[in-house]
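Take a look at the structure below.
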Amino acid sequence: MRFENVSIVSVEHIDAPIRVTSEEIEERLRPTMDRLRLPPNLLRELSGIEARRWWKEGVVPSDAAGMAGRKALEVAGLDPRAIGVLVNTSVCRDFVEPSTACIAHHKIGLPETCLNFDISNACLGFVNGMDVVGNMIERGQIEYALLVDAESSRYTVECTIERLLQPDVGHRMFRDQFATLTLGSCGVAMVLGRSNLVDNGHAYRGGVTLAATENNQLCTGHMHEMVTDTKALTEAGLELALKTWAKAVDELGWQHDTHQHYAQHQTTKGHADKFAAVIGLEPDKVYRLYPEYGNVGPAGVAVVLSKLEKEELVTAGERIAMMGIGSGLNCSMVEVVW
């Protein structure tokens with residue numbers, strides 16, 4: 001995927017209001033952890049996650065997607081009638097059907113002429129969405145697109161805590177469910193447009209993607225439960241990431257000094273550190289999202305872009321590599337020129 005006339009007009013994130021620390025989750029799991037003789041502070045020490053965020057009771061993904069979408073449109077200075085397509089890329093959704101996109105479409109107040117649909121691909125959904133709408137913009141089908149992603153981990157984590165408190169839970173089940181406790185919540189939205197219509201936009205250049213779908217059973221999730229073989233998933237993911245980096249070097253001319261920032265999808269400290277190490281990325285160029293957000297799935301790379309802008313850490317002309325691995329497995333590495 002390569003683009004010549006696609007730009008990011010705005011990218012905005014919304015924080016869920018309830019901060020839940022790793023210590024609070026461990027305290028609720030204390031009976032099982034004591035029975036299994038697991039050490040204290042295990043969640044924080046293994047993941048590097050200090051806290052994650054939850055929405056208030058009753059807030060559904062389309063609510064958060066709507067809030068983020070309206071904010072991105074406001075910052076972009078666009079009338080909703082200018083948007084040609086709305087794509088929701090979240091793992092979490094209001095229902096199996098209808099699409100969360102169509103509910104968010106109504107809540108944002110988009111016109112009847114605006115296409116709307118969901119794209120789902122684990123933690124790569126947002127980047128995949130950028131590629132799909134980028135193609136629509138590049139070929140002149142639409143002028144502007146709105147991408148939204150709203151993750152809501154509260155229900156999944158609450159179900160997992162309740163499950164892990166059952167008296168028959170052993171070490172293996174605790175280990176298989178452990179990654180679920182790292183999940184967080186947030187909302188993010190991005191407006192993309194045709195570059196020749198955008199003032200002060202940020203060029204989206206596209207990138208490369210590789211698949212290793214023989215690993216499709218290493219992390220399987222439902223809204224009430226996620227089961228993860230963390231060791232095998234990490235090893236297979238890093239192997240795929242190294243191959244994808246080699247493809248970016250070969251086809252896009254990337255080198256280790258090419259980019260000033262890495263908007264890397266992060267699940268935990270260990271994952272972020274190993275990802276950087278296996279490719280040879282400079283750790284100082286990786287924005288650390290996980291300590292306060294946990295694993296927010298496909299929203300993560302876009303939230304990092306928003307954070308870099310809001311904290312004035314990126315300047316015009318700097319190159320940003322958006323990089324992620326999604327359960328399944330798939331890996332994408334794409335570029336934005338700020």
Side-chain angles (χ1 to χ4, degrees), residues 1-14 65 67-80 82-90 108 110 114 119 124-150 186-209 252 258-265 285 287 289 296 298-324 332-338:
M1 297 286 183
R2 299 200 190 184
F3 304 112
E4 297 294 333
N5 196 25
V6 181
S7 289
I8 296 171
V9 187
S10 65
V11 56
E12 298 292 325
H13 71 279
I14 300 287
M67 287 187 285
R70 289 190 296 272
K71 185 177 180 182
L73 282 174
E74 180 182 354
V75 171
L78 285 176
D79 188 302
I83 302 299
V85 63
L86 168 74
V87 178
N88 171 67
T89 69
S90 59
I108 295 170
L110 296 171
C114 177
I119 289 178
L124 283 185
F126 201 95
V127 174
N128 294 154
M130 292 175 70
D131 284 342
V132 169
V133 303
N135 273 312
M136 296 174 72
I137 293 169
E138 190 90 350
R139 69 193 299 267
Q141 184 178 356
I142 59 172
E143 294 183 345
Y144 295 99
L146 177 61
L147 288 174
V148 295
D149 193 298
C186 72
V188 69
M190 176 185 290
V191 175
L192 293 105
R194 197 177 304 162
S195 297
N196 57 10
L197 300 176
V198 177
D199 294 327
N200 302 315
H202 315 295
Y204 179 51
R205 298 300 190 197
V208 297
T209 298
L252 305 177
T258 301
H259 299 91
Q260 286 71 50
H261 305 276
Y262 298 112
Q264 173 192 335
H265 167 62
K285 293 183 178 181
Y287 185 98
L289 190 68
V296 291
V301 289
V303 173
V304 169
L305 283 186
S306 180
K307 288 281 189 179
L308 288 172
E309 180 181 37
K310 303 301 177 294
E311 297 177 18
E312 299 182 348
L313 297 175
V314 60
T315 59
E318 290 189 323
R319 298 170 67 180
I320 305 167
M322 300 172 68
M323 317 169 79
S332 289
M333 297 184 180
V334 300
E335 181 178 68
V336 172
V337 180
W338 205 257

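Start at 1 with the first residue, then count along the sequence.
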Applying side chain to side chain donor-acceptor pair (under 3.5 Å) to Arg319 and not counting sequence neighbours gives Glu335
CD1/Ile8 to CD1/Ile320 distance, rounded to the nearest 0.5 angstrom?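 Reported to 0.5 Å precision, the distance equals 7.5 Å.
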To check you understand the geometry: which heavy-atom pair defines the closest contact between [X] and [Y], and what is its length?
X: His261; Y: Leu313; answer: CE1-O, 3.0 Å
X: His265; Y: Val301; answer: N-CG1, 3.6 Å
X: Ala76; Y: Ser10; answer: CB-OG, 3.6 Å
X: Ser332; Y: Asn128; answer: OG-ND2, 4.2 Å
X: Ala72; Y: Val191; answer: O-CG2, 3.9 Å
X: His259; Y: Ala321; answer: CD2-N, 3.7 Å

Is there side-chain contact between [X] and [Y], with at least one heavy-atom pair below 4.5 Å?
X: Phe3; Y: Asp131; value: yes
X: Met130; Y: Val6; value: no
X: Glu309; Y: Leu305; value: no
X: Leu146; Y: Ile108; value: yes
X: Met1; Y: Thr209; value: no

For Thr89, the side chain to side chain contact (heavy atoms under 4.5 Å, CB included) test, sequence neighbours excluded, returns Val87, Phe126, Leu147, Asp149
For the pair Glu143 (side chain) and Gly84 (backbone), establish whether a donor and an acceptor sit closer than 3.5 Å, ignoring hydrogens and angles.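 Side chain of Glu143 to backbone of Gly84: no pair is present.
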* Does Asn5 offer a backbone N or O that forms a donor-acceptor pair with the side chain of Glu138 under 3.5 Å? ->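 Between the backbone of Asn5 and the side chain of Glu138 there is a qualifying donor-acceptor contact (under 3.5 Å).
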Check your understanding: What pairs meet the side-chain hydrogen bond (donor to acceptor under 3.5 Å, both in side chains) rule with one or both residues in residues 193-202, with sequence neighbours excluded?
Key ->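 Qualifying pairs: Ser7-Ser195.
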message = Would you say CD of Glu311 has more than 12 non-hydrogen atoms from neighbouring residues, nucleotides or ligands within 6.0 angstrom?
response =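 Counting other residues, nucleotides and ligands, CD of Glu311 exceeds 12 neighbours.
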Of Asp79, Leu192, Leu197, the one forming a side chain to side chain contact (heavy atoms under 4.5 Å, CB included) with Tyr144 is Leu197
